[in-house]
Amino acid sequence: MSAEQDIETKYQVSPPPAPVVAAPTIANPGPLGLCGFALTTLVLSLHNAHAGMAKDSPNNIVTGLALFYGGLVQLLAGMWEFRTGNTFGATAFSSYGGFWLSYACISIPFFNISPTYKAYEGQAGALEHSLGIYLTAWAIFTGIMLIACHRSSVAMVALFFCLTITFILLAAADFNHSDTCKVAGGAFGVITAAIAWYNALAGLLTKESSYFTLPTFPLS
């Protein structure tokens with residue numbers, strides 16, 4: 001090595017280290033999604049259980065909740081679960097957000113769903129039969145989610161177990177025109193909503209923000 005090269009090497013300045021950029025903090029979207037699901041489920045389930053109302057009283061008050069809180073807000077919570085890397089939460093919240101949005105469409109005249117069935121004279125109870133198929137499909141999906149969450153926590157397994165039973169009972173009510181199954185489905189829906197709120201509160205009461213926490217009894 002020549003003397004000139006030795007001097008250049010001696011006085012060579014190293015580039016400054018790249019600045020460390022902290023990753024943005026993303027809040028936990030789980031409690032929001034669970035609250036949207038729980039409140040909408042509770043209101044519909046109380047109507048299904050005929051809580052303080054006549055047997056055939058309308059339940060259109062649920063439509064607004066299904067569109068915005070149970071639907072849009074829960075769908076957005078699912079999108080943020082994708083951002084946090086939680087595949088299960090993203091699938092659950094996005095799917096049930098879609099469920100509530102699709103359920104709301106049944107009651108909205110613009111989509112012409114109910115009027116089409118009322119105008120159809122080929123089969124009595126065609127709407128109820130179609131609703132039975134619709135709810136059965138959601139029962140199957142919820143059963144899949146129940147299997148997928150078997151290593152999460154007792155609280156989460158209980159939520160999806162009760163929700164599966166709720167969908168099965170409501171599907172049976174539509175297939176068989178059974179008010180007893182409908183009331184039972186409403187009762188299980190109330191239980192499901194309570195468990196969902198418990199899971200939401202457990203997610204909100206963190207060690208950083210609360211003097212106490214709620215146990216969810218992890219299974220893994």
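One-based numbering along the sequence shown. Here the structure is a predicted model, which means the values were calculated and not measured.
The 12-atom threshold is exceeded at CZ of Phe141, counting heavy atoms of other residues, nucleotides or ligands nearer than 6.0 Å.
Counting Ile, Leu, Val, Met, Phe, Trp and Tyr side chains that sit under 4.5 Å apart, directly or through other members, Phe212 shares a hydrophobic cluster with Tyr198, Leu201, Leu205, Leu214.
Side-chain atoms of Val183 and Asn48, non-hydrogen and from C-beta on, never get closer than 4.5 Å to each other. Side-chain contact check for Tyr69 versus Gln74: every heavy-atom pair is 4.5 Å or farther apart. You'll find the side chain of Leu42 reaches within 4.5 Å of the side chain of Val190, heavy atoms only. Pro29 has its side chain out of reach of Phe93: every pair of non-hydrogen atoms, C-beta onward, lies at least 4.5 Å apart. Looking at Leu163 and Trp138, their side chains never come closer than 4.5 Å, going by heavy atoms from C-beta outward. The shortest side-chain heavy-atom distance between Phe37 and Thr192 falls under the 4.5 Å cut-off. Residues Phe88 and Asn86 meet the side-chain proximity criterion, which asks for heavy atoms closer than 4.5 Å. The shortest distance between side-chain heavy atoms of Ile133 and Phe175 falls below 4.5 Å.
Both Leu75 and Ile108 belong to a common hydrophobic cluster when Ile, Leu, Val, Met, Phe, Trp and Tyr are linked at side-chain heavy-atom distances under 4.5 angstrom.
A donor-acceptor pair is defined here as one N or O able to donate and one able to accept, closer than 3.5 Å; such a pair exists between the side chain of Thr206 and the backbone of Ser209. Between the side chain of Thr84 and the main chain of Glu81, a donor-acceptor pair closer than 3.5 Å is present.
Minimum interatomic distance between Pro31 and Gly203 (heavy atoms only, all atoms of both residues): CG-C, 3.9 Å. Closest approach of Leu170 and Gly185 over heavy atoms only: CD2-CA, 4.0 Å.
A side-chain contact (heavy atoms from CB on, under 4.5 Å) with Leu44 is found for exactly one of Leu39, Leu65, Asn59, namely Asn59.
Residues passing the side-chain hydrogen bond (donor to acceptor under 3.5 Å, both in side chains) test with Asp179 are His50, sequence neighbours excluded. Partners of Asn176 by side-chain hydrogen bond (donor to acceptor under 3.5 Å, both in side chains), not counting sequence neighbours: none found. Remark: Thr116 engages Asn112 in a side-chain hydrogen bond (donor to acceptor under 3.5 Å, both in side chains) (not counting sequence neighbours).
For residues 139-148, the side chain to side chain donor-acceptor pair (under 3.5 Å) pairs, not counting sequence neighbours, are Tyr96-Thr142.
Using bins of under 30°, 30° to 60° and over 60° for the plane-to-plane angle, the ring pair Tyr134/Phe99 lands in the parallel bin.
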TODO: Take Leu131 and Ile106 through the test side-chain contact (heavy atoms from CB on, under 4.5 Å) and record every step on the way to the result.
DONE: CA-CA 10 Å; Leu131 284 172; Ile106 298 172; 3.8 Å; yes
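For the atom pair Ile61 CD1 and Leu46 CG, the distance stands at 13.0 Å (nearest 0.5 Å). Atom CG in Leu67 sits 9.0 Å away from atom CG in Leu72 (nearest 0.5 Å). Interatomic distance, Phe68 CZ to Thr63 OG1, rounded to the nearest 0.5 Å: 11.0 Å.
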Using a 3.5 Å cut-off and no angle test, enumerate the donor-acceptor pairs between side-chain atoms of residues 145-160 and protein atoms at least two apart in sequence or in another chain.
from, atom 1, to, atom 2, distance (Å)
His150, ND1, Ile147, O, 2.6
Ser152, OG, Cys149, O, 2.5
Ser153, OG, Met156, N, 3.2

